[in-house]
There are 2 protein chains.
Amino acid sequence: MSDARNTDHKSGRVRSHIERLIDDGLQPHDKLPTERQFADELGVSRMTVRHALNALEEERRVYRVHGSGTFVAEPTIDKTIRLTSFTEDMIERGMKPSTRVVDVGTEFAGAAVGSKLSLSPAAEIARIRRVRLADGAPVCLETVHLDASRVHGLLDRELTGSLYDLLASRYGTVVSRAEQRIGATVLEPADAELLDVAAFSAALVVERRTIDQHQRPVEFTRSLYRADRYSFLIDIER
Amino acid sequence: MSDARNTDHKSGRVRSHIERLIDDGLQPHDKLPTERQFADELGVSRMTVRHALNALEEERRVYRVHGSGTFVAEPTIDKTIRLTSFTEDMIERGMKPSTRVVDVGTEFAGAAVGSKLSLSPAAEIARIRRVRLADGAPVCLETVHLDASRVHGLLDRELTGSLYDLLASRYGTVVSRAEQRIGATVLEPADAELLDVAAFSAALVVERRTIDQHQRPVEFTRSLYRADRYSFLIDIER
DNA sequence: TGCGTGGAGAGGTATAGCCCAATTAAGCGA
DNA sequence: TCGCTTAATTGGGCTATACCTCTCCACGCA
C-alpha cells in the first residue's frame, strides 16, 4: 500500500501518514484530524496537506464534507476493469499463457484502421496476427495494427512475449489507457480452425485502441475470444 | 462545453478562457502559453492557473511535459462504463426505449440463482422476462430474478418502465453497485424469434448481480443482446 | 420546552513568492 | 562539423497567509 517513492516529496510523506492512520484501526466514516491539525503536526503547510488529501479523495480512500470534516471512505471493491495484457490477465486467472504467431506483414492502413490510429489511409502499418493460448489451449486470436513508421524493425523481433513490454523497452512508448469495444460474433471457418472450435461458434469481439502517455494512438487490435473459455468480469459503481 | 458556473470562481474563469483557446483553432499537440503567461494575462496567481490546468489535465483536455510546456491533448471519446438502466442507456445513445413483457411468474430459486441472490434454493423468486426495444426494434431479451419476499405485489404492477425506479420508489431499495459478466453465445431458436433475428445468430450474454445500499443482493438478471445492434464501450486506465 | 441565531471550526479558494527538476537552445571548444 | 557545457525557460513542489462559505451546536429568548 504505502509506496517507498512517497518519501520523495513532502506531500507523499503526508499521504503515507494519513494512510497509516486509516489502516491502523480507523473505521469507515470515522472523522480524520482537520487539515490544519495535520499541517501543524507534520510541520508542513496546509496546502501540502490538501494536496495529499486531494489524491486520497480521488482514490476514494477518504471523502470530504464542506464545513464538517474529512472522513474515512467505505472500502471499495475495486475490481474495475484494468488495462492488462493477455499475459498478465492469464497469470491472474491462474493459467499459463503462451503465444503462437500466425503471420506478420505490412500493408496500407485503409480507412477503418487509419482513422483509429489517426493516420492517413495510405500510411503503412505493421500487422501481427497471433493466437494466444492458456494452458496450451487456444483462447484468443488477435490482430494488432501499428504505425509502421514508429516501430522500425519490430516485425523482425521475437513476438511471442508481451508487446507492451517491447514497445516500452525498445521504442519508449508507454501505454497509458485504452478505449475498448466489446461485442459478439460467430466465427468464420478459418478463424474457428485457428481457435480449435467448430465453425460458427460464438466468440467475443474486442476492438481495442491503445493510447500512449502523449495521448497518441499506439495500436489498434481486434481480438476474437472463444466464448466457452473467456468472459469479462466488471464491477460497476452507481 | 463552457459552463456558466465556471464564472463563480477565478479558476473557473481561467479554465473557460483556456478551453476557449483550445476550441478556437488550436490543434492537438499545439503548445499552450506558459503558466506564468496565463497568470500575468488574466491577472491571477500562478497557483490559480495551475488549479485550472490540473482540472483540464484530469479530463485529458491538455497534457504537460515537465520543463517543456503544456499542450493540447488529442480529443478522446470518453465513454466509461457506468451502472445505468437500459432506459437511461438507450436515451444516451439517442434512441427511444420501450419494453414488452414476455411473461412473469414465481418459481423456486434453484441452486444457481439462489447462490447469486444469497437465498436458499427452495426460496421463492419472482421472475420477469422482457424484451427491450430501441426505436421499436428488439435489442435485448432479459430475465430478471428477484427475492419474492422482498417485492410483494411487484408482478401485478406495470412492468414496462424502469425496474430500478420501481424498486426505489415502492420498496426503498436503492441500487449502489453491480457485478457483471460479459460473454458471448449463439441464440436458441425461441430466443432468436423474440429478438427478431435468425436462429443461431451471435449475441452478448450479460449476467448481472445488483447490490443495494446495504450490500445485499437485489436482483440477478441474464440478458441477451443482439450483437448486430449492441456493444459495450469501455475506457480503461493503466 | 421549543426554536432560532450567532459563533467556532471545518473545508474551499486565492495570493505572492521561493526553490527544484527537466528541457531546450545557444554558445563554445576540439 | 560535431559534441559538450551552460544558461534560460518551463512545469513541479511547497510555504505562509488571508478570507470565504458551509455546518453544527450551544446559548438564550419566547
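In this text the structure is predicted, and so the values were computed from the model without any measurement. Here is the naming used below: chain letters follow the sequence lines, and residue numbers restart at 1 for every chain.
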* **N or O in side chain of B:Ser45 less than 4.0 angstrom from C:dT15 OP1/OP2** => yes
* Examine the base of D:dG13 for any acceptor or donor lying under 3.5 Å from a partner atom in the side chain of B:Arg50, and report the outcome as yes or no. => no
* CG of B:Leu53 versus P of C:dA14: gap in Å, rounded? -> 14 Å
* To do: Counting heavy atoms from C-beta on, name the nucleotide in C:dA21, D:dC14, C:dG11 closest to the side chain of A:Thr48.
  => D:dC14
* Is it true that B:Glu179 and B:Arg181 make a salt bridge, defined as a side-chain N closer than 4.0 Å to a carboxylate O? -> no
* Structure fact -> Separation of C:dT13 atom P from B:Arg46 atom CZ, nearest Å, is 20 Å
* Structure fact -> Picking from C:dG12, C:dT15, D:dT10, the nucleotide nearest the side-chain atoms of B:Arg36 would be D:dT10
* Asked: Under 4.0 Å between a side-chain N or O of B:Thr70 and OP1 or OP2 of D:dT10?
  -> no
* Less than 4.0 Å between a side-chain N and a carboxylate O, is that true for A:Asp212 and A:Arg150? -> yes
* **Interatomic distance, B:Leu56 CG vs D:dG11 C1' [rounded to whole Å]** => 15 Å
* Select one nucleotide: of D:dT10, D:dT15, C:dA10, the one nearest the side-chain heavy atoms of B:Thr34. => D:dT10
* Between the side chain of A:Arg130 and the main-chain N/O of A:Leu159, is any donor-acceptor distance below 3.5 Å? -> yes
* Which word best sums up how the rings of B:Phe38 and B:His17 line up, parallel for under 30°, tilted for 30 to 60°, or perpendicular for over 60°? -> perpendicular
* Nucleotide D:dG13, atom C1' - distance to NE2 of B:His66 in whole Å -> 9 Å
* Asked: Out of C:dA16, C:dA10, C:dG12, which nucleotide sits closest to the side chain of B:Met47?
  -> C:dA16
* Structure fact -> B:Asn54 atom CG is separated from C:dG12 atom P, nearest whole Å, by 15 Å
* Could one point to a donor on the side chain of B:His9 or the base of C:dT13 with an acceptor on the other under 3.5 Å away? -> no
* Using only side-chain N and O atoms of A:Lys10, determine if any of them is under 4.0 Å from OP1 or OP2 of D:dT15. => yes
* Starting from P on D:dG11, measure out to CD1 on B:Ile18 and report it in whole angstrom. => 11 Å
* **D:dT9 phosphate, OP1 or OP2, under 4.0 Å from B:Ser68 side-chain N/O** => no
* Structure fact -> Whole-Å distance, B:His51 NE2 to D:dC14 C1', equals 17 Å
* **Whether A:Phe232 and A:Tyr225 hold their rings parallel, tilted or perpendicular, with breakpoints at 30° and 60°** => perpendicular
* Give the rounded distance in Å between these two atoms: CD of B:Glu57 and C1' of D:dG13. => 14 Å
* Structure fact -> Assign each of A:Gly67 and A:Arg64 the nucleotide of DNA chain C bearing its closest heavy atom; nearer the 5' end lies the nucleotide of A:Gly67
